[in-house]
Amino acid sequence: TVAECRRCRLCETRRNTVFGEGDTRARLMFFGEGPGADEDMQGRPFVGRAGELLTRMINAMQFQRSEVYIANTVKCRPPGNRNPEPDETEACRAYARRQIELLSPKVIVVLGAVPFRFLFPNVYGGIRSQRGKWMEYRGIRVMPTYHPAYLLRTPEAKADVWKDLQEVMAVFGR
Ligand code: URA
């Protein structure tokens, strides 16, 4: 369904849809923003520079990338890597909602402001004030943290993210 989607304008400029990948029985999910140029080319999430860092973060948590599930708020690349517009995230909402429902993970790690706002439109405060605080989305535990692309620009924030990831590791006894 997603591969043929034409619900918003992003379908006009995408090369590939990027549905998500990983173990469909995963207990741990990472939820990002949307595909960039590399992801659009390959049809896979988090395969560029931010993706390399995400893979290292997953490994530091004592998981393999193939053991978790990785998906994004929007399934098509916003041109020029701009943030997705609200009507685009809304057009994609049913896909992400169903994807989370089908996977039904124990924990979702939310990567950055866009997916945070998407899952928690009514929460006061942004990712800077809310990161590191456990939240709940439809009965699933959620840990909001910074996006790996932000960490590439702001390495000082890595210590905060590591704290957040350790909270998640504790849930899995790692
Ligand atoms: N950034 C994201 O949020 N998602 C990707 O898939 C790649 C980069």
Side-chain angles (χ1 to χ4, degrees), residues 1-105 107-119 127 140 142-155 157-158 161 164-165 168:
T1 304
V2 167
E4 290 167 5
C5 182
R6 303 195 61 82
R7 286 189 192 180
C8 84
R9 66 184 82 76
L10 297 182
C11 71
E12 287 157 22
T13 48
R14 74 175 176 227
R15 198 177 283 254
N16 288 293
T17 56
V18 180
F19 181 69
E21 71 176 18
D23 186 344
T24 53
R25 292 154 309 172
R27 310 312 295 137
L28 176 58
M29 179 182 198
F30 291 82
F31 193 58
E33 177 175 325
D38 296 299
E39 291 77 19
D40 178 59
M41 287 282 280
Q42 296 185 41
R44 296 176 54 209
F46 282 99
V47 290
R49 243 161 62 77
E52 277 172 33
L53 180 54
L54 178 63
T55 303
R56 289 207 300 276
M57 288 158 58
I58 291 167
N59 293 155
M61 295 172 76
Q62 298 169 23
F63 282 91
Q64 298 300 313
R65 194 175 147 121
S66 57
E67 289 179 275
V68 305
Y69 195 87
I70 304 174
N72 285 306
T73 302
V74 292
K75 311 305 188 198
C76 298
R77 181 193 183 205
N81 294 346
R82 63 165 172 75
N83 283 354
E85 302 281 354
D87 63 322
E88 294 160 354
T89 58
E90 285 317 304
C92 228
R93 182 173 290 281
Y95 299 138
R97 180 185 290 179
R98 183 76 179 127
Q99 195 170 30
I100 291 168
E101 186 176 73
L102 285 171
L103 188 67
S104 190
V107 175
I108 302 173
V109 176
V110 164
L111 301 167
V114 167
F116 178 76
R117 192 48 65 206
F118 177 79
L119 294 181
I127 191 70
I140 299 167
V142 171
M143 176 55 71
T145 196
Y146 293 131
H147 193 286
Y150 175 74
L151 296 181
L152 291 173
R153 300 190 300 272
T154 320
K158 282 184 180 175
V161 170
D164 305 343
L165 298 181
V168 175

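Both backbone and side-chain heavy atoms feed into the values below; hydrogens, waters and symmetry mates do not.
Counting all heavy atoms, side chain and backbone alike, Y69 lies closest to A26 at N-CB, 3.7 Å. Among all heavy-atom pairs drawn from L28 and M61, the shortest one is CD2-CE, 4.1 Å. Of all the heavy atoms in E33 and P84, the pair that sits closest is OE2-CD, 3.6 Å. R44 and V18 make their closest contact through C-CG1, 3.4 Å (heavy atoms, listed as atom of the first residue, atom of the second, distance). The two residues P45 and R65 come nearest to each other via the heavy atoms O-NH2, 2.8 Å.
In this structure, OG on S104 lies 14.5 Å from CZ on R25, to the nearest 0.5 angstrom. The CG atom of N72 sits 15.0 Å away from the OH atom of Y95 when rounded to the nearest 0.5 Å. Atom OG1 of T89 sits about 11.5 Å away from atom CZ of R117, to the nearest 0.5 Å. How far OG of S66 is from CD of E21: 9.5 Å, rounded to the nearest 0.5 Å. Between the CZ atom of R93 and the CG atom of L119 there is a distance of 7.5 Å, given to the nearest 0.5 Å. Rounding to the nearest 0.5 Å places CD1 of I108 at 12.5 Å from CE of M143.
The shortest distance between side-chain heavy atoms of P78 and N83 does not fall below 4.5 Å. Residues V110 and F118 are not in side-chain contact: their nearest non-hydrogen atoms beyond the backbone lie 4.5 Å or more apart. Put simply, the side chain of T17 reaches to within 4.5 Å of the side chain of C76, judged on heavy atoms. Put simply, the side chain of T73 does not reach to within 4.5 Å of the side chain of C92, judged on heavy atoms. Side-chain contact between I140 and M29 is absent, with no heavy atoms from C-beta onward closer than 4.5 Å. Proximity of T55 to F46: side-chain heavy atoms (C-beta onward) are nowhere separated by under 4.5 Å.
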Go through R6 and E12 one step at a time and tell me if the side chain to side chain contact (heavy atoms under 4.5 Å, CB included) criterion holds.
CA-CA 8 Å; R6 303 195 61 82; E12 287 157 22; 4.3 Å; yes
Test M57 against F30 for side chain to side chain contact (heavy atoms under 4.5 Å, CB included), laying out the working first.
CA-CA 11 Å; M57 288 158 58; F30 291 82; 5.6 Å; no
Could you walk me through whether V168 and T145 satisfy the side chain to side chain contact (heavy atoms under 4.5 Å, CB included) test, starting with their C-alpha distance in whole Å, then the side-chain angles of each, then the deciding distance to 0.1 Å, before giving a yes or no?
CA-CA 11 Å; V168 175; T145 196; over 6 Å; no
Would V142 and F116 satisfy side chain to side chain contact (heavy atoms under 4.5 Å, CB included), going step by step from the backbone distance to the final call?
CA-CA 10 Å; V142 171; F116 178 76; over 6 Å; no
Donor-acceptor pairs under 3.5 Å, side chain of residues 147-154 to any protein atom, not counting sequence neighbours: which ones?
| residue | atom | partner | partner atom | Å |
| --- | --- | --- | --- | --- |
| H147 | ND1 | A149 | N | 2.9 |
| Y150 | OH | R128 | NH1 | 3.3 |
| T154 | OG1 | Y150 | O | 3.2 |

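Each salt bridge (Lys or Arg N to Asp or Glu O under 4.0 Å) pair with one or both residues in residues 75-87, not counting sequence neighbours, appears once here: R9-D87, R82-E88.
No more than 12 heavy atoms of other residues, nucleotides or ligands sit less than 6.0 Å from atom CE of M41. Atom CD of E101 sits in a crowded spot, with more than 12 heavy atoms from other residues, nucleotides or ligands closer than 6.0 Å.
At distances below 3.5 Å, at least one donor-acceptor pair connects side-chain atoms of E39 with backbone N or O atoms of G48. Judged by distance alone, with hydrogens and angles left aside, the side-chain atoms of D23 form no donor-acceptor pair with the main-chain N or O of V68 at under 3.5 Å. Proximity of a side-chain donor or acceptor of T24 to a complementary backbone N or O of L103 within less than 3.5 Å is not detected. Between the side chain of D40 and the backbone N or O of R15 there is at least one donor-acceptor pair closer than 3.5 Å.
A salt bridge between R49 and E52 is absent, with no side-chain N of the basic residue lying under 4.0 Å from a carboxylate O of the acidic one.
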